[in-house]
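Inspection log for the structure reproduced underneath, given as structure tokens.
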Number of protein chains: 2
Amino acid sequence: MTSPQRRDAQRNRAALLASARALFAERGLDVTLDEVARHAGVGVGTAYRNFAGKTALVDDLLVERVQALVDLALACAEVDDPWEGLRGYVEQAMALQVADRGLKQLLYAHADAHVRVDAVRAQLGPAVGALVQRAHDAGVLRPDVDVSDVPVINVMLGAVVDLTRDVDPHAYRRYLELVLAGLRAGAEPPELPPPLPLEDVQGALRRRHAR
Amino acid sequence: MTSPQRRDAQRNRAALLASARALFAERGLDVTLDEVARHAGVGVGTAYRNFAGKTALVDDLLVERVQALVDLALACAEVDDPWEGLRGYVEQAMALQVADRGLKQLLYAHADAHVRVDAVRAQLGPAVGALVQRAHDAGVLRPDVDVSDVPVINVMLGAVVDLTRDVDPHAYRRYLELVLAGLRAGAEPPELPPPLPLEDVQGALRRRHAR
DNA sequence: AGACGAGCGGAGACGCCGTCTCCGGTACTC
DNA sequence: GAGTACCGGAGACGGCGTCTCCGCTCGTCT
């Protein structure tokens with residue numbers, strides 16, 4: 001009986017997947033397949049033999065991450081307090097995106113050819129919609145809050161995340177509180193996490209890449 | 001007496017400047033000098049004879065725009081109501097950035113070699129600082145609001161602007177209200193401009209460029 | 001131990017893009 | 001009409017990421 005693959009080939013494939021996961025999470029989807037290969041300690045050829053191309057690799061690897069987000073939304077619908085459910089979703093969704101830069105990029109960005117990711121992502125809208133609806137039914141949301149506000153807020157906070165990532169990855173929390181407080185009905189303004197020192201913000205802005 | 005330049009040369013230079021201003025405002029700083037030249041109806045060579053390079057051209061053209069922002073901040077310090085002064089600054093600063101995409105990109109982005117812009121931009125921080133201080137002195141701001149919050153909010157709202165530009169350039173106003181309300185002391189939640197239809201947001205997200 | 005071929009590595013072909021140069025030709029000016 | 005300031009735009013150049021190709025290595029089975 002012949003094993004389906006030589007053992008070193010299996011090792012290489014695993015190493016490639018691990019490296020890709022790590023690099024995509026840490027540095028985003030812009031890392032080259034060449035870089036992934038080097039990081040995994042194999043040649044570029046090996047990378048291209050294992051995966052149809054970068055797009056396919058990304059698609060394969062990130063379905064799971066997007067699924068985690070969908071699961072999160074579903075889980076938050078089970079939380080007793082409808083406000084905490086919604087709030088928890090937004091908060092933890094951002095935390096996932098801080099931890100995985102690739103996820104953040106793929107979640108809300110031109111989806112060219114990521115077929116599998118697209119399929120999973122399609123479930124996110126309805127799940128979040130349910131969260132918002134439930135909060136409305138419980139009267140804990142300003143009546144004029146709309147489902148469409150959630151992705152927009154994600155994008156807003158995402159911008160803060162990108163800005164402050166290397167100064168303080170959690171700085172976005174301050175603005176998360178700010179925005180969430182604005183959505184809540186009969187809001188007592190919450191305590192805000194402390195601001196970044198001005199010079200840190202200035203530094204981050206200066207380092208910022210132009211588009 | 002010889003005029004310093006041939007008349008057609010003057011016309012060409014003017015056309016280039018006008019085209020550059022228009023294209024930078026409309027489509028951002030990514031337009032190529034070749035495009036500017038074509039738009040102006042002249043050859044590329046003419047463009048490069050008139051300006052040291054793209055960086056120099058951008059630097060020349062946008063000082064004035066950044067100066068407008070500084071002027072705005074100074075003017076807002078003259079408004080009687082300190083809250084309206086601060087609020088007006090943020091609101092109109094965003095409006096300027098909606099109207100000029102290049103300004104938005106340059107204002108808070110890696111400043112490589114834009115010497116003149118840098119010089120003017122340096123005045124912005126203090127001017128905004130005064131605005132915030134005045135609002136604090138009047139007690140209309142939450143005490144834990146910091147100067148550093150202003151640029152961060154600019155970046156957040158800028159993300160919304162980029163997202164919704166071609167669906168509804170003013171959609172950011174809803175989120176501006178949301179955020180500003182969060183900064184205000186003893187806030188009565190303000191009325192929010194209406195949300196975008198969900199499908200518009202979804203469309204905008206789908207069209208969004210990956211980074 | 002030996003031989004077979006699955007699998008490897010990585011130089012480099014390719015395609016794309018934006019910046020900028022160069023010079024034969026045009027047309028403004030006096 | 002001479003002289004030259006100025007023009008146009010093809011294309012050189014440099015950079016970058018994707019992916020191919022093929023001579024060679026080394027795992028695997030007998």
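Remember, it's a predicted structure, so these values are computed and weren't measured experimentally. Chain A is the first sequence line, chain B the second, and so forth, proteins listed ahead of strands; every chain is numbered from 1.
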Starting at [atom1] of [X] and ending at [atom2] of [N], how long is that distance when rounded to a whole Å?
X       : N      : atom1 : atom2 : answer
A/Arg11 : C/dA6  : CZ    : C1'   : 14 Å
B/Phe51 : D/dC7  : CZ    : P     : 11 Å
B/Gln10 : C/dT29 : CD    : P     : 9 Å
A/Leu29 : D/dG17 : CG    : P     : 14 Å
A/Arg13 : C/dC8  : CZ    : C1'   : 16 Å
B/Arg38 : C/dG18 : CZ    : C1'   : 12 Å

Can you tell me which nucleotide in [options] comes closest to the side chain of [X]?
X       : options                : answer
A/Tyr48 : C/dT21, C/dT29, D/dC19 : D/dC19
A/Arg7  : D/dG8, D/dT28, C/dT21  : D/dT28
B/Thr46 : C/dG9, D/dC6, D/dG8    : D/dG8
B/Asp8  : D/dT18, D/dC19, C/dC28 : C/dC28
A/Gln5  : D/dG8, C/dG7, D/dG9    : C/dG7
A/Thr32 : D/dA5, C/dA11, D/dG17  : D/dG17

DNA chain D nearest-nucleotide lookup for A/Gly45 and A/Leu33: closer to the 5′ end is A/Leu33
Strictly below 4.0 Å, N to O, side chains only: are A/Arg87 and A/Asp81 in salt-bridge contact?
no
Whether B/Asp8 and B/Arg11 form a salt bridge (side-chain N of Lys/Arg under 4.0 Å from carboxylate O of Asp/Glu) is what I want to check.
no
A/Asp144 side chain to B/Pro194 main-chain N or O, any donor-acceptor pair under 3.5 Å?
no
Quick one: is D/dC7 close enough that its OP1 or OP2 comes under 4.0 Å of any side-chain N or O from B/Asn12?
yes
side-chain N/O B/Arg49 vs D/dC7 OP1/OP2, d < 4.0 Å:
yes
Heavy atoms only, 4.0 Å cut-off, all strands: where does B/Asp34 land among base, sugar-phosphate and nothing?
base
Between B/His39 and B/Val31, is any pair of side-chain heavy atoms under 4.5 Å apart?
no
Do B/Val152 and A/Arg174 have side-chain heavy atoms sitting under 4.5 Å apart?
no
Comparing nearest nucleotides in DNA chain C, the 5'-proximal residue of the pair B/Arg6, B/Gly53 is B/Gly53
